[in-house]
Structures are given as C-alpha cells and as structure tokens.
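Inspection log for the structure reproduced underneath, given as structure tokens.
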4 protein chains.
Amino acid sequence: MSPLREEQLDQIRDERKDQIVQAAIKVFARRGIIGTKMSMIAAEAGISHGLVYHYFKTKDDLFSMLIQGAVETSIASIEGLYGLPGSPLERIRLLTEHILSKENTPYFMLIYQAAHSDGVPEKAGRLMKEYPLQAYIDRLLPLFKEGQQAGEIADGDPEEIVGNYFSILSGIMVLGEGYRIPNAEFVMRTIVKPK
Amino acid sequence: MSPLREEQLDQIRDERKDQIVQAAIKVFARRGIIGTKMSMIAAEAGISHGLVYHYFKTKDDLFSMLIQGAVETSIASIEGLYGLPGSPLERIRLLTEHILSKENTPYFMLIYQAAHSDGVPEKAGRLMKEYPLQAYIDRLLPLFKEGQQAGEIADGDPEEIVGNYFSILSGIMVLGEGYRIPNAEFVMRTIVKPK
Amino acid sequence: MSPLREEQLDQIRDERKDQIVQAAIKVFARRGIIGTKMSMIAAEAGISHGLVYHYFKTKDDLFSMLIQGAVETSIASIEGLYGLPGSPLERIRLLTEHILSKENTPYFMLIYQAAHSDGVPEKAGRLMKEYPLQAYIDRLLPLFKEGQQAGEIADGDPEEIVGNYFSILSGIMVLGEGYRIPNAEFVMRTIVKPK
Amino acid sequence: MSPLREEQLDQIRDERKDQIVQAAIKVFARRGIIGTKMSMIAAEAGISHGLVYHYFKTKDDLFSMLIQGAVETSIASIEGLYGLPGSPLERIRLLTEHILSKENTPYFMLIYQAAHSDGVPEKAGRLMKEYPLQAYIDRLLPLFKEGQQAGEIADGDPEEIVGNYFSILSGIMVLGEGYRIPNAEFVMRTIVKPK
DNA sequence: GATGAATGAGAATTCATTCAT
DNA sequence: CATGAATGAATTCTCATTCAT
C-alpha cells in the first residue's frame with residue numbers, strides 16, 4: 001500500500017460516504033425513518049445496498065449521523081447571526097429567509113422526523129434531548145430581546161414570541177409538497193411591532 | 001334473537017368500532033401509516049388484533065375511513081363559516097381558533113399523513129385527489145375576498161394570502177409535541193390589514 | 001322439559017346435523033380440507049358458524065365423520081353387489097354406472113381428499129388405514145374372478161385388473177368440473193374379454 | 001465485477017431457481033396451492049424462506065410460473081406427436097405411455113390443481129383460460145380422426161372419444177400414491193376398434 | 001472496496017375455536 | 001339451541017443485516 005494508493009482509497013471513501021449521506025438525507029426527509037429502506041438509499045446513491053454497510057454500521061447509525069449534522073448545522077447558522085452586522089430585525093429577517101429557502105427543507109424534515117417518529121434510534125433520540133427544540137429558542141432569545149428593546153419586535157413575553165416564531169417556521173418547512181411556502185415577509189408580520 | 005339482543009349487539013359493535021377508530025386516529029396521527037402497527041391500534045383500544053380485523057377489513061381500509069372522516073369534517077367546518085354572523089375577519093378568527101384547538105390536531109396530522117406518506121392506500125389517495133389542499137383554499141377564498149373588500153384583510157393576491165394562511169396553520173398542527181402552538185391572534189397578524 | 005319438547009329438540013338436532021353434514025360434504029369435496037373454512041360450511045348450511053361447533057367438536061371431527069360415512073356407504077354398495085342377480089359382468093356394469101352417477105362424486109372426492117391431503121386429521125387418517133383403497137379392491141376381487149371364470153372378463157392377474165379398474169373410476173370421479181365423464185360402457189371396455 | 005464473477009452469479013441464480021422450482025413442483029403437486037406453505041417449499045429446497053422471495057415475488061407468482069411451464073410442456077408434447085412416424089394408433093400409444101410415465105405425474109397434478117383449487121392466482125387462472133382442457137382435446141382430435149379413418153380407433157363421435165380418453169388419463173395421473181397406475185395397453189382398450 | 005445471495009426477525013392478515021348473552 | 005364477538009396461532013411477505021466471493 002503506497003501512500004498514494006492510501007490517499008486514493010481515502011478519497012474514494014470520502015466520496016462514497018458523501019454520496020450515501022446525500023442520498024440518505026433525501027430519502028429520510030421524504031419518507032421518515034421507518035418508511036426509508038436501505039435499498040432506497042443505495043438506489044438513490046447508485047450503489048449496492050451491501051456497500052452502505054461498509055460505511056455505516058446500521059440504518060440507525062446512518063440516521064443518527066444525519067441528525068447530528070443537521071442539528072449542528074442549524075445551531076451554527078443561528079449562532080452565526082450574532083456575528084453579523086445590522087439591526088436585530090434585519091438579522092432575523094435574514095435568518096427567516098435562510099430557513100425558508102428550499103435547500104433547508106431536508107434538514108428541518110430530518111429534525112422533525114427525529115423529534116417525532118417512534119422508530120427514532122437511541123442515539124438520535126439522545127441528540128434531540130441534548131439539543132431539543134428549546135435549544136434553538138434559547139439561542140434566538142437574546143436577539144429577539146434586543147429587537148424588543150430597539151422597538152422593532154412586538155411587545156410580550158419574548159420566549160413566547162420566539163417559540164411561536166420557531167413553530168411557524170418549523171411547521172412550514174415540514175409540510176412538504178403541495179403546500180405553499182410563504183415568503184419571509186409574511187412570517188415576519190407575526191413578530192414585528194406594529195407602528 | 002330478541003330485539004333487545006339485536007340492540008345490544010349493535011351497541012357493542014358501535015362501541016368497538018368507535019374504540020378502534022379513536023385508537024387508530026391517535027396512533028396513525030403520531031406514527032403515520034407505515035409506522036403504525038395494527039397491534040399498536042389493538043393495544044391502544046385494549047382489544048386483540050384479531051378483533052380489529054373483525055371490524056375493518058385491512059389497515060388501509062381503516063386508514064382510508066379515518067381520512068374520509070377527517071376530510072369531511074374539516075371541509076364541513078370551513079363551509080359552516082359561511083352561515084355564521086359576524087364580519088369576515090371575525091369569522092376567520094373563529095376558524096383559526098377552532099383549527100388551533102387541541103382536539104383538531106389528529107385530523108390535521110391524518111390529512112398530512114395522507115398527503116405525504118408513501119404507503120398511502122389507493123382509496124385514501126383518491127380522496128386526497130378529490131379534496132386536495134386546493135379544495136380548502138378554494139373554500140376559504142370568498143371569505144378572504146370579502147374581508148379584503150371590507151378593508152379588514154391585507155391587500156395582495158387573495159389566493160396567495162389564503163395559501164400562506166393555510167400553510168401556516170397546517171404546519172403548526174402537524175408539528176406535534178415539543179413545539180409551542182401559537183394562539184390565534186399570533187397567526188391572524190399575518191393576514192390582517194395594518195391600520 | 002316435557003317429553004314432547006324433548007322430541008322436538010331431538011328433531012331439531014337431527015335436522016341441523018344433517019344440514020351441516022350435507023353442506024360440509026359439498027364444500028369439502030370441492031375445496032379439500034384446508035381450503036374449506038368453517039364459515040363456508042356454516043354459510044352453505046345457512047346457520048351461524050358458532051352453531052357448527054354445537055354439533056361437531058372440531059373441523060377435523062366433522063371431516064372424519066364424513067369420511068366414515070363415505071367409506072361405509074361405498075363399501076356397503078360394493079358388498080351389496082353380491083346379493084344381486086345377474087352375471088358378474090352385468091353386476092360390475094351396474095356398479096360402474098352407479099359409481100359414475102353424478103351424485104357419487106362428492107363421496108369419491110372426499111375419500112380422495114382423505115387419502116391425500118396432508119391436513120388429514122388423525123381420525124380420518126386412521127379410517128383410511130383401516131379401509132384403505134386395498135379394501136375396495138379386495139371386495140371386488142371375487143366378483144372379477146367369477147367374471148373371468150365365466151369368460152366375461154379379460155384374462156390376466158385379477159388383482160391387477162381390479163386395481164386398474166378402480167383407479168380409472170376413482171380418477172374420473174375426482175376430476176371435477178371441466179372434464180368429461182365417460183359413460184360406463186367406455187370404462188367397461190378395459191375389462192371385458194374381447195370375443 | 002469480473003466476467004468470471006458475473007458467470008458465477010448467474011450460475012448460482014440458475015441453480016437456486018431450479019432448486020426452488022423442483023421443490024415447488026413437488027410440494028404444490030401433492031398439497032395444492034392453499035395446502036402448500038412457502039416454508040415447505042423452502043425446506044424442500046433446503047434454503048431459507050426469505051430466499052424463495054428473492055427469486056419469486058410471491059407464492060402465486062411461483063405457482064403461476066410452474067403452471068405456465070407445465071402447460072407449455074404438455075401442449076408441446078402433444079403437438080410433437082404430429083411430426084412422428086407410425087400409424088395414428090401407434091403414436092397415440094406412444095403418447096399414452098409418455099403421459100403415464102412416473103415423471104409426468106407432477107405436471108398433471110399441477111394442471112389439475114390450477115383447474116380446480118380455489119386459491120388459484122389470477123395469472124394461473126388466465127393461463128388455464130387460454131389453454132383450457134379443451135385445448136388438449138382440440139390438439140388430439142385430428143390424430144384420433146385419422147385413426148378412425150384408418151380403422152384403428154373405435155367408431156363414434158371423435159370428440160367424445162378424445163374427451164373420455166383424456167379424462168381417464170388425467171384422472172389416473174391425478175390420483176397419486178396408493179392407487180395403481182394402469183399400463184398404456186389397459187387404457188388403449190377404451191379407444192381401439194375391436195376386430 | 002464492492003456486490004448481491006442468503007438469513008431470519010417482525011408485521012399484516014386469516015381462520016379455527018371459545019364463550020357470553 | 002343459536003348467535004356472533006373475541007382471541008391467538010399460523011402463514012405470507014418485507015427488509016435490515018451478514019458474508020462469501
């Protein structure tokens with residue numbers, strides 16, 4: 001095994017792994033844990049079902065890994081808001097637009113699946129306990145409070161407002177095909193302070 | 001044999017059927033079609049799984065029956081709005097409160113499941129084709145237009161407004177445990193015309 | 001319980017039992033043991049399935065009873081030949097016509113089912129051991145030998161001739177719908193001595 | 001991956017498929033469709049029941065495939081007669097011997113099962129409609145007519161003669177264990193013209 | 001690393017049988 | 001005697017997972 005060869009293998013491994021992950025996100029998001037067959041993921045990734053097991057120990061393992069990624073990404077994207085310039089409202093609008101963008105759907109679906117389905121594997125379940133929905137709310141809270149102080153966000157219990165805001169966004173993202181996705185402005189109306 | 005006995009049997013049948021239906025709504029709503037095992041329904045209803053088949057031919061049959069009920073009930077509840085007194089906005093607020101009330105969750109979940117899950121039985125699928133989401137929007141449209149004419153509802157394409165409104169409500173109802181359910185007022189903000 | 005009432009009950013019992021037996025013969029003959037559901041028998045007899053169990057302990061019990069009747073009847077009908085007048089060939093022709101008559105089909109089917117199907121209950125199986133196919137052949141043998149001595153029946157091992165004759169008849173009777181039932185004359189050609 | 005491997009897999013597939021088919025013929029012939037459990041076929045073939053489903057979609061599928069083979073083989077074997085040399089009677093005797101040979105039993109049983117049993121799958125049923133018993137008779141008819149013209153076959157309605165002949169052969173082949181199988185000569189007596 | 005044959009646990013469904021009324 | 005509600009064992013079929021090649 002020359003180092004070159006090793007590198008090649010590593011590259012193949014990474015490629016394959018990503019192939020599988022992308023396929024799995026797609027299928028899990030649409031069909032949920034139970035509704036997703038390993039063969040579907042393999043077919044979507046264009047490989048044999050046997051190969052999936054070279055890279056992921058079990059179906060639960062694969063799902064848990066996806067959830068972990070989804071949670072980390074989404075938490076990071078919220079925390080990223082605090083480094084951005086602009087008024088609180090502007091930054092919230094940015095986040096709202098970001099969340100409502102098409103490419104985020106699978107991540108929300110995944111988190112939704114993990115929070116609900118009963119076939120949720122232990123590991124994914126643990127993750128959801130560590131970073132429960134409340135975690136998202138907690139991280140948004142300071143921003144909303146800031147907004148209230150700036151007179152941009154409607155008065156009222158800030159935790160309630162954030163909770164409502166997050167529910168509405170989550171709900172929309174989970175709906176899937178057939179439902180109209182409102183634009184950010186529409187959702188923002190629920191939180192901006194009327195003049 | 002005696003009329004009394006006949007009645008007793010009818011009563012038992014009705015009771016059991018209702019028991020099963022209630023249990024099924026509960027379980028289907030939470031777990032979806034594939035995720036729901038007949039044994040879960042039986043256990044939830046406190047009967048043997050064999051008895052479920054005494055009353056419902058198949059799992060698909062049972063699910064389809066529930067969907068039919070859910071669709072009919074929800075359509076009727078929208079259409080009922082047109083007979084009520086009050087301004088359009090007041091009536092929409094009424095509907096919003098009604099939809100957001102706890103006891104409606106399973107119906108929305110059911111319709112959501114029927115519109116999405118992959119194991120949707122043919123009969124339920126047909127129902128969803130007959131009464132697709134658009135049907136709900138169509139039925140709400142006149143009321144919203146009325147509201148716009150009365151200056152109560154925000155300007156803009158009424159179909160878009162209704163679609164967004166319905167998406168937000170549907171999304172919320174589908175989320176299930178862990179998420180905060182906003183009160184009607186919060187949702188109403190997305191559609192009322194700012195003064 | 002007046003004696004009159006007892007008699008009435010007895011009569012009902014006998015009627016019901018016969019109703020069930022007739023229905024069972026019909027259904028078992030066509031569908032075999034496994035293919036016959038108790039509910040089919042009950043439906044054919046026009047009673048509830050529960051009532052069948054008042055008269056027959058189990059499905060196997062019912063089947064065994066029918067086999068017993070079929071075996072006894074058919075054995076008796078062969079033995080009856082020996083008391084009849086006429087030449088051996090004439091009496092064999094009589095038996096052949098009798099067997100080939102439509103109303104005998106179910107009995108042959110039943111015996112065939114009992115001899116083959118693997119779901120044969122222990123009791124019926126025992127009966128078939130006591131009166132196996134050989135029993136029929138043994139009982140026909142003297143008549144055929146007589147026929148050979150009288151120059152009416154073809155020469156050759158009489159046991160083989162009887163066996164063949166019985167196989168052909170049994171086979172025909174077992175075929176059921178769709179197949180043509182030859183008349184007695186046709187079958188007789190296999191055993192009569194050519195002039 | 002390599003062509004060798006490809007061939008190996010093909011070979012394994014063919015072997016397994018044949019193993020299953022042979023086992024299935026054996027079990028279906030004896031027990032009929034309903035009486036045959038997939039586990040029996042698997043056990044007979046010495047494999048897991050899961051593997052049977054790897055090769056055949058359903059039990060009905062497997063049965064239908066067997067019927068198709070049986071029908072095609074038997075029709076072909078009749079049609080092959082017309083290319084053979086010899087007098088009509090000689091060729092019919094050949095066919096009779098062929099049919100009565102031990103190895104043909106399962107095929108006749110199978111066709112019999114398909115023509116009768118109640119659990120006959122739609123596909124097999126369709127095949128039996130396309131090639132009903134009448135088809136066999138139609139294909140034999142010309143040969144028997146030839147035989148009558150040659151003075152070898154008994155006079156009378158040829159369709160009736162063929163029908164009877166086919167019934168007798170079918171009946172014998174269907175009987176199964178316990179019954180004596182007559183030799184061809186015995187059966188031929190029913191159709192040859194007496195001198 | 002990659003494939004797909006092979007296994008077996010689990011879920012839907014059927015049906016013989018029991019039993020309260 | 002008669003009914004049909006109720007149960008659970010048995011069967012078909014699916015799919016996650018293993019493993020030889």
Side-chain angles (χ1 to χ4, degrees), chain A residues 5 8-10 12-13 15-16 34 36-42 47-62, chain B residues 1-2 4-6 8-10 12-13 15-17 34-42 47-62, chain C residues 5 8-10 12-13 15-16 34 36-42 47-62, chain D residues 1-2 4-6 8-10 12-13 15-17 34-42 47-62:
Chain A
R5 180 133 174 71
Q8 281 180 331
L9 287 180
D10 272 0
I12 290 178
R13 253 198 300 273
E15 271 175 29
R16 283 276 176 277
I34 311 181
T36 295
K37 321 294 169 207
M38 285 302 255
S39 58
M40 291 172 180
I41 295 174
I47 58 175
S48 75
H49 67 268
L51 192 52
V52 179
Y53 285 90
H54 264 278
Y55 293 97
F56 298 93
K57 221 173 138 52
T58 66
K59 179 173 155 182
D60 286 1
D61 222 55
L62 175 50
Chain B
M1 284 271 106
S2 66
L4 187 64
R5 174 142 175 70
E6 202 57 18
Q8 282 179 329
L9 285 179
D10 273 357
I12 289 178
R13 266 195 291 268
E15 270 176 28
R16 286 290 167 277
K17 228 166 169 166
I34 311 181
T36 296
K37 316 296 167 200
M38 285 302 254
S39 58
M40 293 173 181
I41 295 175
I47 59 177
S48 74
H49 71 269
L51 194 53
V52 180
Y53 286 93
H54 195 70
Y55 289 99
F56 297 92
K57 229 175 137 47
T58 64
K59 180 173 152 180
D60 286 2
D61 225 54
L62 177 50
Chain C
R5 180 134 173 71
Q8 282 179 330
L9 286 180
D10 272 1
I12 289 178
R13 254 198 298 272
E15 272 174 27
R16 282 277 176 278
I34 309 181
T36 295
K37 321 292 169 209
M38 285 301 255
S39 59
M40 291 173 181
I41 296 174
I47 59 175
S48 73
H49 68 268
L51 192 51
V52 179
Y53 286 89
H54 264 277
Y55 293 97
F56 298 93
K57 223 171 139 52
T58 66
K59 180 173 154 182
D60 287 359
D61 221 55
L62 176 50
Chain D
M1 284 270 104
S2 66
L4 186 65
R5 173 140 175 73
E6 195 72 2
Q8 282 179 330
L9 285 178
D10 272 358
I12 289 178
R13 266 195 290 268
E15 269 176 29
R16 285 290 167 278
K17 229 168 169 165
I34 312 180
T36 296
K37 314 299 168 199
M38 284 304 255
S39 56
M40 293 172 181
I41 295 174
I47 58 176
S48 74
H49 73 270
L51 193 53
V52 179
Y53 286 94
H54 195 69
Y55 289 99
F56 298 93
K57 229 175 138 45
T58 65
K59 180 172 152 181
D60 286 1
D61 224 54
L62 176 51

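Worth saying up front: this structure is predicted, and the values here are computed from it rather than measured. Protein chains get the first letters and strands the later ones, always in sequence-line order, with residue 1 at the start of each.
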Revision key, fill the gap. Distance col, row C:Met40:CE vs C:His49:NE2, nearest 0.5 angstrom, shows 14.0 Å

Exercise for review: Please figure out whether B:Gly50 or A:Thr36 has its closest DNA chain F nucleotide nearer the 5' end.
Suggested key: B:Gly50

Check your understanding: NZ of A:Lys37 versus P of E:dA11: gap in Å, rounded?
Key -> 12 Å

Review point. Once you round it to whole Å, what is the distance between C1' of E:dA6 and CD of D:Glu15?
Key: 14 Å

Check your understanding: Hey, is the side chain of A:Arg16 poking within less than 4.0 Å of OP1 or OP2 on E:dA2, counting only N and O atoms?
Key -> yes

Check your understanding: Under 3.5 Å, side chain of C:Lys37 to main-chain N/O of C:Ile34, donor-acceptor pair present?
Key -> yes

Check your understanding: Between D:Leu62 and D:Lys59, is any pair of side-chain heavy atoms under 4.5 Å apart?
Key -> no

Review point. Which residue, B:Val52 or C:Ile47, contacts DNA chain F at a nucleotide closer to its 5' end, judged by nearest heavy atom?
Key: C:Ile47

Review point. Between the base of F:dA5 and the side chain of B:His54, is there a donor-acceptor distance below 3.5 Å?
Key: no

Review point. Nearest-Å distance, CG (A:Leu62) to C1' (F:dT17)?
Key: 14 Å

**Study point:** N/O (side chain, D:Tyr53) to phosphate O (OP1/OP2, F:dT14) under 4.0 Å
**Key:** no

Check your understanding: Between B:Val52 and B:Ala42, what is the shortest heavy-atom contact and its length?
Key -> CG2-CB, 3.9 Å

Review point. Once you round it to whole Å, what is the distance between P of E:dT14 and CE of C:Met40?
Key: 12 Å

**Study point:** Heavy-atom closest pair, residues C:Tyr53 and C:Thr58
**Key:** CE2-CA, 4.3 Å

**Study point:** D:Gln8 CD to D:Glu6 CD distance, which is reported to the nearest 0.5 Å
**Key:** 10.5 Å

Review point. Taking atom P of F:dC19 as reference, at what distance in whole Å does atom CD of D:Gln8 sit?
Key: 20 Å

Study note, to complete from the structure: Walking DNA chain E from its 5' end, the first of C:Lys57 and B:Asp60 to be reached, judged by nearest nucleotide, is B:Asp60

Exercise for review: Test for a donor-acceptor pair under 3.5 Å between the base of E:dA5 and the side chain of A:His49, counting only N and O atoms.
Suggested key: yes

Point to revise | Distance, rounded to the nearest Å, where D:Arg13 contributes CZ and E:dA5 contributes P | key: 5 Å

Point to revise | Strand DNA chain E as a dot-bracket string - pairs counted if Watson-Crick or G-U with both distances under 3.5 Å, | where the partner lies in another strand | key: .||||||||||||||||||||

Check your understanding: Think A:Lys59 has a side-chain N or O under 4.0 angstrom from the OP1 or OP2 of F:dA16?
Key -> yes

Check your understanding: Counting any heavy atom closer than 4.0 Å, what does A:Tyr55 reach on the DNA or RNA strands: base, sugar-phosphate only, or nothing?
Key -> sugar-phosphate

Check your understanding: Atom CG of A:Leu9 and atom C1' of E:dA2: how far apart are they, to the nearest Å?
Key -> 12 Å

Point to revise | Between E:dC15 (P) and C:Ile34 (CD1): distance, integer Å | key: 12 Å

Practice item. Report which part of the nucleic acid B:Leu51 touches: base, sugar-phosphate, or nothing (heavy-atom distance under 4.0 Å, all strands). Key: base

Review point. What is the distance from atom OG of D:Ser48 to atom NE2 of D:His54, rounded to the nearest 0.5 Å?
Key: 10.0 Å

Review point. Could you give the distance from CD1 (A:Ile41) to CZ (A:Phe56), rounded to the nearest 0.5 Å?
Key: 9.0 Å

